Amino acid sequence: MKRMTVALAAGALLVGGAATASATPAAPKVADAIQVPAGNRPVAAYPAEGVQIYGCTNGAWTLIQPAAVLSKHGKPVALHSKGPVWTSIVDGSTVGAAAVATSPRKDAIPEVLLKANLNTGDGIFGKVTYVQRLNTRGGVAPAGACTDGVQAAVRYSADYAFWVAG
């Protein structure tokens with residue numbers, strides 16, 4: 001029953017028209033560029049809150065890493081960090097992935113489709129094939145020039161959808 005609920009929530013998140021677990025309105029439509037290929041099915045979707053950490057190099061801001069907590073019904077279930085990597089704090093499973101497509105968002109970091117390139121453990125992330133970062137809010141690098149060596153943490157939120165083959 002729990003797995004069915006997660007699958008239904010992920011499906012609603014991906015087609016829009018229903019509220020996500022974070023009670024944030026879903027994007028009206030997932031952009032074609034970041035659609036998950038056929039032959040995959042949703043396994044989980046979690047809202048995330050965190051920061052995008054930027055560093056100044058040669059007078060310009062560049063992304064160092066994300067740092068976010070993914071939740072289910074307000075309870076932390078996973079951590080998101082540099083890689084990018086998502087690690088379940090419930091079962092220890094991990095998925096690492098690389099971006100294959102992006103879709104811009106006004107005043108926010110882009111939505112992204114990522115293909116898994118690392119899986120560990122037998123838990124929720126152990127067999128993930130694709131990850132989508134959806135409904136992004138905030139997280140954009142600071143504007144203007146900067147002083148080398150300075151870092152800035154910019155708050156962001158997003159919904160992450162995880163997919164498996166099948």
Side-chain angles (χ1 to χ4, degrees), residues 2-54 61-90 93-117 124-125 127-143 152-164:
K2 225 180 206 181
R3 196 170 290 211
M4 177 62 80
T5 302
V6 171
L8 291 173
L13 169 67
L14 298 170
V15 297
T20 67
S22 64
T24 301
K29 176 181 181 259
V30 174
D32 289 343
I34 60 168
Q35 292 285 340
V36 174
N40 294 277
R41 62 179 174 78
V43 67
Y46 305 115
E49 298 281 337
V51 294
Q52 296 284 320
I53 301 170
Y54 294 93
W61 292 105
T62 58
L63 180 66
I64 296 173
Q65 68 180 13
V69 176
L70 285 67
S71 302
K72 180 177 179 182
H73 306 297
K75 180 181 175 186
V77 293
L79 302 175
H80 175 39
S81 59
K82 187 174 186 171
V85 172
W86 295 262
T87 301
S88 169
I89 60 175
V90 175
S93 62
T94 298
V95 60
V100 293
T102 63
S103 179
R105 292 272 292 185
K106 183 177 167 69
D107 300 322
I109 54 176
E111 294 182 322
V112 182
L113 174 64
L114 304 104
K115 183 174 175 51
N117 56 18
I124 191 73
F125 297 143
K127 294 186 186 319
V128 168
T129 53
Y130 285 90
V131 179
Q132 288 174 306
R133 180 176 72 192
L134 303 168
N135 302 318
T136 55
R137 295 162 300 280
V140 177
V154 181
R155 292 186 59 79
Y156 90 102
S157 61
D159 295 316
Y160 288 95
F162 299 89
W163 296 72
V164 295

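Quick caveat, the model's predicted, so the values are computed rather than measured.
- Not a single donor-acceptor pair under 3.5 Å links the side chain of S157 to the backbone N or O of A48.
- P110 approaches R133 most closely through the heavy-atom pair O-NH2, 2.6 Å.
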Decide yes or no on side-chain contact (heavy atoms from CB on, under 4.5 Å) for Q132 and F162, but give the supporting numbers first. CA-CA 7 Å; Q132 288 174 306; F162 299 89; over 6 Å; no
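- Under the side-chain hydrogen bond (donor to acceptor under 3.5 Å, both in side chains) criterion, Y130 pairs with no residue at all, not counting sequence neighbours.
- In this structure, the side chain of R137 does not engage the main chain of Y156 through any donor-acceptor pair within 3.5 Å.
- Residues passing the salt bridge (Lys or Arg N to Asp or Glu O under 4.0 Å) test with D32 are K29, sequence neighbours excluded.
- Among residues two or more places apart in sequence or in another chain, the side chain to side chain contact (heavy atoms under 4.5 Å, CB included) test is passed with A101 by I34, L113.
- Counting all heavy atoms, side chain and backbone alike, V112 lies closest to A99 at CG1-CB, 3.7 Å.
- With sequence neighbours left out, the side chain to side chain contact (heavy atoms under 4.5 Å, CB included) criterion links L79 to V69, I89.
- Taking 4.5 Å as the limit, every side-chain heavy atom of P66 sits out of range of all side-chain heavy atoms of V51.
- Listed by chain and residue number, S88, D91, I124, F125 satisfy the side chain to side chain contact (heavy atoms under 4.5 Å, CB included) test with S93 (two or more places apart in sequence, or in another chain).
- Residues V154 and P142 come closest through the heavy atom pair CG2-CD, 4.1 Å.
- Judged purely by atom type and a 3.5 angstrom limit, T136 uses its side chain to pair as donor or acceptor with the backbone of I109.
- V128 and V43 get closest at one heavy-atom pair: CG2-CG1, 4.5 Å.
- In this structure, Y54 OH and I64 CD1 are separated by 10.5 Å, a value rounded to the nearest 0.5 Å.
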Pair E111, T102 - check side-chain contact (heavy atoms from CB on, under 4.5 Å), show working. CA-CA 6 Å; E111 294 182 322; T102 63; over 6 Å; no
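- Atom CD1 of residue I53 and atom CH2 of residue W61 lie 12.0 Å apart, to the nearest 0.5 angstrom.
- Closest heavy-atom contact between K72 and V77: CB-CG1, 3.7 Å.
- In plain terms, the two heavy atoms of V100 and K115 that are nearest each other are CG1-CB, 3.9 Å.
- Between W86 and V131, some side-chain heavy-atom pair lies under the 4.5 Å cut-off.
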Go through E49 and R155 one step at a time and tell me if the side-chain contact (heavy atoms from CB on, under 4.5 Å) criterion holds. CA-CA 8 Å; E49 298 281 337; R155 292 186 59 79; 4.0 Å; yes
Please test D159 against Y46 for side-chain contact (heavy atoms from CB on, under 4.5 Å), starting from the C-alpha separation and ending with a verdict. CA-CA 6 Å; D159 295 316; Y46 305 115; over 6 Å; no
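- Remark: the backbone N or O of V30 is paired with a side-chain donor or acceptor of Q35 at under 3.5 angstrom.
- With sequence neighbours excluded, the residues satisfying side chain to side chain contact (heavy atoms under 4.5 Å, CB included) with S81 are V85.
- To the nearest 0.5 Å, atoms CG (L70) and OG1 (T87) are separated by 10.5 Å.
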